[in-house]
Amino acid sequence: MGRTRAFAEVDVVRAARGVFWNRGYEETSLPDLEAATGLNRSSIYHSFGSKRGLFDAAVESYLDDVVRPRLEPLRADEVDREALEVYLRGLRHAMVDEDTALAKNGCLLLNATGSSLGHEAGLAAVVTAYTTDLRDAVASGVAARRVDLAPEGRELVTTTCTGLVFAAMAIVRVDRLAAAALLDAALAAVLGPTR
């Protein structure tokens with residue numbers, strides 16, 4: 001009979017996620033992961049296969065705990081008219097007004113694309129799916145909010161808003177005010193002209 005695990009995998013993955021998010025994949029060492037998770041090297045390899053395996057688990061944790069819950073209201077069968085505005089304001093708050101990992105470090109996935117992992121097919125597939133999920137969610141929010149626009153206009157607002165969200169995620173760790181300005185521009189595009 002095999003040994004039972006003496007740790008909660010979800011807690012280990014979240015602890016590792018914090019290190020990867022703060023330091024980046026390349027700058028995170030196994031001793032860093034051992035210190036954060038309380039596991040030794042052999043337990044990390046036994047449970048996750050490698051540092052990369054633990055990183056992949058941390059990315060899934062990031063998507064499950066950070067990204068998907070924020071997008072959930074934009075994925076409803078019937079999207080509320082205010083859902084995209086609420087999403088953008090909440091994202092702005094998390095990036096600018098809060099002392100969060102997102103505010104300090106930007107997007108874990110976007111950061112990883114700038115590392116040695118950026119050319120790997122596995123990460124590319126995850127980032128592509130994330131981009132599609134975000135764009136689809138924004139499109140649903142735009143469709144609910146901007147019924148005044150023709151399909152081409154909604155498409156333009158969707159593309160603009162999605163691009164501004166990604167740009168804000170990329171710049172927030174070095175310039176919170178610039179990230180806020182980008183999200184304010186996304187809000188303006190979504191809300192349309194004031195009467």
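All values below come from the heavy atoms of this structure, side chains included, with hydrogens, waters and symmetry mates left out. Predicted, not measured: the structure shown is a model, and the values here were computed from it.
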Quick one: side-chain hydrogen bond (donor to acceptor under 3.5 Å, both in side chains) partners of [X], sequence neighbours excluded?
| X | result |
| --- | --- |
| Arg68 | Asp64 |
| Arg135 | Glu155, Thr159 |
| Ser42 | Asn40 |

Which heavy-atom pair separates [X] from [Y] by the least distance, and what is that distance?
| X | Y | answer |
| --- | --- | --- |
| Asn111 | Gly106 | ND2-C, 4.1 Å |
| Leu110 | Ala170 | CD1-N, 4.3 Å |
| Ala103 | Ala94 | CB-O, 3.5 Å |
| Ala36 | Ala15 | O-CB, 3.5 Å |
| Leu74 | Gly141 | CD2-CA, 3.7 Å |

Can you find a pair of side-chain heavy atoms, one from [X] and one from [Y], that are under 4.5 Å apart?
| X | Y | value |
| --- | --- | --- |
| Leu109 | Leu123 | yes |
| Val190 | Val138 | no |
| Ser29 | Glu34 | no |
| Val66 | Leu108 | no |

Given 3.5 Å as the limit, does a donor-acceptor pair link the side chain of [X] with the main chain of [Y], or not?
| X | Y | answer |
| --- | --- | --- |
| Ser61 | Ala57 | no |
| Arg146 | Val157 | no |
| Arg154 | Ala143 | no |
| Ser115 | Ala112 | yes |

Euclidean distance, [Y] [atom2] relative to [X] [atom1], rounded to 0.5 Å:
| X | Y | atom1 | atom2 | answer |
| --- | --- | --- | --- | --- |
| Ser47 | Leu39 | OG | CG | 6.5 Å |
| Asp136 | Thr158 | CG | OG1 | 9.5 Å |
| Asp80 | Ser140 | CG | OG | 12.5 Å |
| Phe48 | Thr37 | CZ | OG1 | 8.0 Å |
| Arg17 | Leu54 | CZ | CG | 11.5 Å |

For this session: Report the C-alpha distance between Arg75 and Asp133 in whole Å, list the side-chain angles of each, state the deciding distance to 0.1 Å, and finish with yes or no for side-chain contact (heavy atoms from CB on, under 4.5 Å).
Result: CA-CA 9 Å; Arg75 294 179 174 177; Asp133 287 349; 3.4 Å; yes
Exercise. What orientation do Phe20 and Phe55 show, parallel under 30°, tilted 30 to 60°, or perpendicular over 60°?
Worked result: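 Geometry flag for Phe55 against Phe20: perpendicular rings.
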Exercise. When Ile, Leu, Val, Met, Phe, Trp and Tyr are grouped by side-chain heavy atoms lying under 4.5 Å apart, directly or through other members, which residues fall in the same group as Leu156?
Worked result: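 Members other than Leu156 - counting any ILVMFWY side chain reachable under 4.5 Å - there are none.
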Problem set entry | Residues that, via side-chain heavy atoms closer than 4.5 angstrom, fall in one hydrophobic cluster with Leu164 |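 Ile171, Val174, Leu182, which link up through side-chain heavy atoms under 4.5 Å apart, make up the rest of the cluster.
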For this session: Any chance you could lay out the side-chain contact (heavy atoms from CB on, under 4.5 Å) test for Val165 and Leu88, step after step, and finish with the verdict?
Result: CA-CA 8 Å; Val165 167; Leu88 291 169; 3.6 Å; yes
Exercise. Does CD in Glu26 sit with more than 12 non-hydrogen atoms of other residues, nucleotides or ligands closer than 6.0 Å?
Worked result: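 Atom CD in Glu26 is packed in, count exceeds 12.
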Apply salt bridge (Lys or Arg N to Asp or Glu O under 4.0 Å) to [X] and list each qualifying residue two or more places apart in sequence or on a separate chain.
| X | answer |
| --- | --- |
| Asp32 | Arg23 |
| Arg145 | Glu82, Glu85 |
| Asp184 | Arg92 |

Problem set entry | ring-ring contact (aromatic ring centres under 6.0 Å, His included) partners for Tyr62, two or more places apart |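 Result, ring-ring contact (aromatic ring centres under 6.0 Å, His included) vs Tyr62: Trp21.
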Exercise. Got a sec, which pairs hit salt bridge (Lys or Arg N to Asp or Glu O under 4.0 Å) with one end in residues 104-116, sequence neighbours left out?
Worked result: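 Pairs touching residues 104-116 that pass the test: Asp99-Lys104.
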For this session: Take Leu134 and Val67 through the side-chain contact (heavy atoms from CB on, under 4.5 Å) test and state the conclusion after the steps.
Result: CA-CA 9 Å; Leu134 178 61; Val67 174; over 6 Å; no
Exercise. Pairs in or reaching into residues 141-161: which pass ring pair (Phe, Tyr, Trp, His ring centres under 6.0 Å), with residues at least two apart or in two chains?
Worked result: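 Output for this query is empty, none listed.
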Problem set entry | Pairwise ring pair (Phe, Tyr, Trp, His ring centres under 6.0 Å) hits with a residue in residues 105-130, at least two apart |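 Ring pair (Phe, Tyr, Trp, His ring centres under 6.0 Å) check on residues 105-130 returns Tyr130-Phe166.
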Problem set entry | Verdict with supporting geometry, Leu91 and Leu102, side-chain contact (heavy atoms from CB on, under 4.5 Å) | CA-CA 9 Å; Leu91 188 60; Leu102 183 60; 3.7 Å; yes
For this session: Consider only side-chain heavy atoms of I, L, V, M, F, W and Y, link residues closer than 4.5 Å, and tell whether Leu30 and Leu117 are in one cluster.
Result: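 In one cluster with Leu30: Leu117, yes.
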